[in-house]
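Take a look at the structure below.
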Amino acid sequence: MKAVPFTFNLNSPDFVPSEFDNHIQRRLSAMKGQFLDEAAYEALLNAANPLLYEVYELQRPVQPGELQHGISIVHPGKVGSEYHMTKGHFHEVLETGEVYYCLKGQGYMVMETPEGEWAVEALSPGRVLYVLPRWAHRSVNVSPDEDLITFFIYPGNAGHDYGTIEQQGFRKLIVEQEGQPAVVDNPRWERTAVP
Ligand code: S6P
Ligand code: ZN
């Protein structure tokens, strides 16, 4: 980890940073229980267990004042009618926000608070999204053939709470309906995150 100011490049065609500390690859098998169509999930899992998304992290010390940052790449595809997406999480330190800058692709950020408020914002190249403190977030790629690539930056001490979303899901899902992305209720959503 560097102790002096540093730079890196994002100018490769696929936006892989010229330097990074960690490369996470999440396959379908990491998403059990998150996609609505369980039969489609099992069929795809047995056939291919596709790579859904990758994250390149520039890791900084886990402490206030530092900023974690990196690149998130969600590959195109669907499980049943639901588009590829990230697991999604609340920050462990709930009162920490995050900024996303979309570099490539077409998608949505699905968000919600522990109190059950929800929001969905479109992501396209050049668009910046500010995720408020307290809001869980999940990126969804709705393009049939292009990666959704975002640069993210969040407080060094934020941490990740994946368990709440694994248990309750997100309140809203992004599915393909008549060839278009649509925001629909998640019939399996249960509010377990009591503030
Ligand atoms: C971290 C930030 C992103 C996500 C990435 C993958 O706070 O929100 O780096 O980690 O988009 O999503 P997830 O839900 O698997 O961490
Ligand atoms: Zn986050």
Side-chain angles (χ1 to χ4, degrees), residues 1-31 34 50-77 83-114 119-143 145-166 170:
M1 222 172 274
K2 295 192 169 67
V4 292
F6 64 93
T7 62
F8 60 93
N9 294 322
L10 282 178
N11 54 6
S12 75
D14 52 4
F15 293 101
V16 172
S18 57
E19 291 184 38
F20 56 87
D21 301 303
N22 196 22
H23 178 201
I24 299 165
Q25 293 185 296
R26 283 221 225 279
R27 295 189 172 274
L28 187 66
S29 50
M31 302 285 283
Q34 290 304 306
L51 181 62
L52 298 195
Y53 64 98
E54 303 180 63
V55 183
Y56 293 90
E57 292 179 328
L58 283 289
Q59 287 183 322
R60 298 300 307 165
V62 178
Q63 59 190 49
E66 288 281 356
L67 296 167
Q68 314 291 350
H69 55 290
I71 291 289
S72 166
I73 303 174
V74 185
H75 298 300
Y83 298 97
H84 281 183
M85 61 193 186
T86 59
K87 281 170 82 96
H89 56 266
F90 286 95
H91 288 164
E92 205 175 339
V93 179
L94 195 58
E95 302 293 343
T96 50
E98 182 158 350
V99 170
Y100 279 85
Y101 176 50
C102 183
L103 297 162
K104 184 178 179 183
Q106 299 295 327
Y108 290 92
M109 191 71 77
V110 178
M111 295 166 280
E112 69 185 49
T113 65
V120 173
E121 288 292 340
L123 295 169
S124 57
R127 208 163 170 81
V128 179
L129 169 67
Y130 185 76
V131 179
L132 286 165
R134 301 183 69 77
W135 288 73
H137 39 285
R138 156 181 285 167
S139 7
V140 182
N141 181 352
V142 301
S143 165
D145 51 15
E146 205 177 27
D147 287 337
L148 174 68
I149 306 183
T150 49
F151 178 77
F152 60 82
I153 181 162
Y154 61 98
N157 63 324
H160 296 96
D161 162 17
Y162 289 105
T164 304
I165 294 298
E166 278 168 9
F170 273 84

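Atom set for the values below is all heavy atoms of this structure, side chains included, hydrogens, waters and symmetry mates excluded.
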### Message
Between F6 and L58, does the side-chain contact (heavy atoms from CB on, under 4.5 Å) criterion hold? Intermediate values first, please.
### Response
CA-CA 11 Å; F6 64 93; L58 283 289; 4.3 Å; yes
### Task
Begin from the C-alpha positions of Y108 and V142 and carry the test side-chain contact (heavy atoms from CB on, under 4.5 Å) through to its verdict.
CA-CA 8 Å; Y108 290 92; V142 301; 3.7 Å; yes
### Message
Evaluate V99 against V128 for side-chain contact (heavy atoms from CB on, under 4.5 Å), listing each step before the verdict.
### Response
CA-CA 7 Å; V99 170; V128 179; 3.8 Å; yes
### Task
Go through the steps for I71 and L103 under the test side-chain contact (heavy atoms from CB on, under 4.5 Å), then give the verdict.
CA-CA 9 Å; I71 291 289; L103 297 162; 3.6 Å; yes
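Note that OG1 of T113 is 7.0 Å distant from CZ of F90, once rounded to the nearest 0.5 Å. The CG atom of L67 lies 4.5 Å from the CD1 atom of I153; values are rounded to the nearest 0.5 Å. From M85, atom CE reaches atom CZ of R138 across 3.5 Å, with rounding to the nearest 0.5 Å. Atoms OG and OH, on S139 and Y100 in that order, are 5.0 Å from each other to the nearest 0.5 Å. To the nearest 0.5 Å, atom NE2 of residue H69 and atom OH of residue Y101 are 16.0 Å apart. Rounding to the nearest 0.5 angstrom, the gap separating the CD1 atom in I149 from the CD1 atom in I73 is 4.5 Å.
By the side chain to side chain contact (heavy atoms under 4.5 Å, CB included) test, Y162 is found to be paired with R26, K87, H89, H160, E166, residues two or more places apart in sequence or in another chain being considered. With sequence neighbours excluded, no residue forms a salt bridge (Lys or Arg N to Asp or Glu O under 4.0 Å) with E121. In this structure, the side chain to side chain contact (heavy atoms under 4.5 Å, CB included) partners of A119, at least two apart in sequence or on a different chain, are M111, W135. Residues passing the ring-ring contact (aromatic ring centres under 6.0 Å, His included) test with Y56, sequence neighbours excluded: F20, H23.
The two residues F8 and P17 have their closest heavy-atom pair at CD1-CB, 4.0 Å. Considering every non-hydrogen atom in both F170 and V110, the closest pair reads CE2-O, 3.5 Å. Nearest heavy atoms, Y154 versus H91: CB-CE1, 4.1 Å. Between P155 and G97, the shortest heavy-atom distance links the atoms CD-O, 3.1 Å. Of all heavy-atom pairs spanning V62 and N157, the tightest one is CG1-CA, 4.0 Å. Among all heavy-atom pairs drawn from N141 and Y83, the shortest one is O-CB, 3.2 Å.
Checked by atom type and distance alone, the side chain of H84 pairs as donor or acceptor with a backbone atom of H75 at under 3.5 Å. With R127 contributing its side chain and A122 its backbone, the two residues share a donor-acceptor pair below 3.5 Å.
Residues F152 and V55 are in side-chain contact: their nearest non-hydrogen atoms beyond the backbone lie under 4.5 Å apart. Between Q106 and P125 there is a side-chain heavy-atom pair separated by less than 4.5 Å. In this structure, C102 and L148 have side chains that are in contact, with non-hydrogen atoms separated by less than 4.5 Å.
Here salt bridge (Lys or Arg N to Asp or Glu O under 4.0 Å) pairs that include residues 52-65, with residues two or more places apart or in two chains, are R60-E66. The salt bridge (Lys or Arg N to Asp or Glu O under 4.0 Å) contacts involving residues 2-15 comprise K2-E19, where partners must be two or more places apart or lie in separate chains.
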